[in-house]
Amino acid sequence: MTAPDAAGPSNFIKNIIEEDLKNGKNDGRVHTRFPPEPNGYLHIGHAKSICLNFGIAAEFNGLCNLRMDDTNPTKEEVEYVESIKQDVHWMGFDWQDRMYYASDYFERFYECAVDLIKKGRAYVCDLSPDEMRQYRGTLTEAGKESPYRSRPVEENLDLFERMRKGEFPDGSRTLRAKIDMASGNINMRDPVIYRILHAEHHMTGDRWCIYPMYDYAHCISDSIEGITHSICTLEFEDHRPLYDWFLDELGIYHPQQIEFARLNLTYTVMSKRKFIQLVTGGHVRGWDDPRMPTISGLRRRGYTPESVRSFCDRIGVAKAASTVDMALLEYCIREDLNRRAPRVMAVLRPLRVVITNYPENQTDELEAINNPEDPSAGTRKVPFSRVIYIEKEDFMEDPPKKFFRLSPGREVRLRYAYFITCVDVIKDERGEITEIHCTYDPATRGGDAPDGRKVKATLHWVSAAESIEAEVRLYDHLFIKPDPEEDEDRDFISNINPKSLEIVTDCRIEPGLAGAKHGSKYQFERLGYFCVDSDSSPGKPVFNRTVTLKDTWAKIQNAQK
RNA sequence: UGGGGCGUCGUCAAGCGGUAAGACACCAGGUUUUGGUCCUGGCAUUCGGGGGUUCGAAUCCUCCCGCCCCAGCCA
């Protein structure tokens, strides 16, 4: 794995930081953080945030913390913190010794709350959740003040302490900030700071039965860690006044919150809720299904950290809601794999070819280039014999215009082998082609004709006897529509692509691929990039198609339709 | 009818008063033992719309239009 590039393209956040640096703000320090909640797996939208936060730290000689935003014990699990750590590392970033948990600061949060109460800026409220909703007002109408709003400080202190001690049941009381029930910003209408939750926390166990809310915990966590630029997504823009309010009231170090637009991608969805629907509904095989835009899914699909980082650099960072074309992600992985993936020949749908003038029981070894983009990758020997397989779609008995692969009477090249000419087509009683007969020209060994004659096509192939069997999983977009959620009154599930996964079981691959390691990546010549899936077993390799090669012929075919 | 944002090529996105970068996609050629890669060229007289300021506006002012987010004791 190569290290992340030092500097990606500029964006408005970097501009702000450069300005801050110029003005000597924070003594020239730059300190960011990536703060996921450990309640699910990371996806490519998080990758954007990871690249942004860790990337900025690296570029400005600063630091980036990894912080678990674990303030809600009912949703969080250690399983997720482990997967998050793994994914961030896989992306190529390192938080060194700065792995933090918001739950590390629970005692401090409590002290701050006491401070707010003493300052008359927080109170214990006995309203039920339902009542609180009533009192909150609506988007266009101001809320009403809680009847408990003017409780004396001493009483608030006493009640809050007893909340901590566990004297009250869940939901019976909250600690609220005393701000402004008439604010146009609903977040400022006396937001809840603490709620009672008698729940086991993955880090603190049963030490607490009151837990801080996000708005309250996040800004203080940032402050404690000395974060200079607290970067988050657009939906928190409305929360910034509250972020600022807590820090100002508390009088503690005040980081700057900056919001950017979250990533959307065509032909997929990007929320935990929807992922859960896909997984539990059996539409995909799990969080790491290669069709999922999760980091674990991309990894299993064969994406490299470099390609994901390159993607994040290319999409930019701005405030306009945007949906990036999946084609860009695919471009990024092709670009990366083109220069590093060894080439290999594999036939997905084998068509038997008998070379009638080639000696029986003879096997030749032909030299093939491992990677034309990388001479240092060297060459290998590929076995050739009288019976080979070619791709079914590379032969047409009655070819349309512009099809220049094999057909009766036509001569093509077998890559690194010989020119062959189709002389006969054998069919079964149902009229299905079972095999074709060809002749080869011994003078073209290696793939060049001494007389200089040209062929219009080069086909990949494998020797029937030496090739080994493999299963190959072909993936397509998970959804049939660029925006699966475009219909508000139609469930996105109904837009799932029924052909998003095609399993092909009788593929033939060149023998050198026996024993290929999980995760190793290859280009199957003329087909695409593939990687060895973890479902592989010793005698039975399974490959995932990461992405096809660009396919001009497919484009021509579509145009002809 | 409240508050907060955003509107530059099909999709992202630079641009910060001096006369529209780049990428992907797309189109047309060239090279090619992958219809891949690579190379060359094309692709916004115009910046949501109307007024205004200015010698000069995508950039400033103003009005309008459109889109996104917010009423969890979620994050």
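We name chains A, B, ... by the order of the sequence lines, and we start the count at 1 in each one.
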| Centroid distance under 5.5 Å and plane angle under 30°, A:Y214 vs B:A75 | no
| query | With a 4.5 Å heavy-atom cut-off, do A:F275 and A:Y41 have their side chains touching? | reply | no
| Under-4.0 Å side-chain N/O to phosphate OP1/OP2 contact, A:R339 with B:G36 | no
| message | So, does A:T71 get its side chain near the phosphate of B:A75, meaning an N or O under 4.0 Å from OP1 or OP2? | response | yes
| query | So, is A:T140 near the phosphate of B:G3, with a side-chain N or O under 4.0 Å from OP1 or OP2? | reply | no
| task | With heavy atoms under 4.0 Å as the rule, sort A:I315 into base, sugar-phosphate or nothing. | result | sugar-phosphate
| said: Working to the nearest 0.5 angstrom, can you tell me the gap between A:F311 CZ and A:L329 CG? | reply: 4.5 Å
| request: Please evaluate the base of B:U34 for a donor-acceptor partner in the side chain of A:Q523 within a cut-off of under 3.5 Å? | output: yes
| Cation-pi between A:R164 and A:Y110: NZ/CZ under 6.0 Å from ring centre and within 45° of the ring axis? | yes
| request: Using a heavy-atom cut-off of under 4.0 Å over every strand shown, decide if A:E259 touches base, sugar-phosphate, or nothing. | output: nothing
| request: Answer yes or no: does a side-chain N or O of A:R314 lie under 4.0 Å from OP1 or OP2 of B:A13? | output: no
| request: Establish, with yes or no, whether the OP1 or OP2 oxygen of B:C26 is under 4.0 angstrom from a side-chain nitrogen or oxygen of A:K555. | output: yes
| message | Using a 4.0 Å heavy-atom cut-off, does A:E525 contact any base of the nucleic acid, only the sugar-phosphate backbone, or nothing at all? | response | base
| If we ignore angles and hydrogens, is there a donor and acceptor under 3.5 Å between the side chains of A:N65 and A:E225? | yes
| request: Describe the nucleic acid contact of A:E373 in one word from base, sugar-phosphate, nothing, applying a heavy-atom distance below 4.0 Å. | output: base
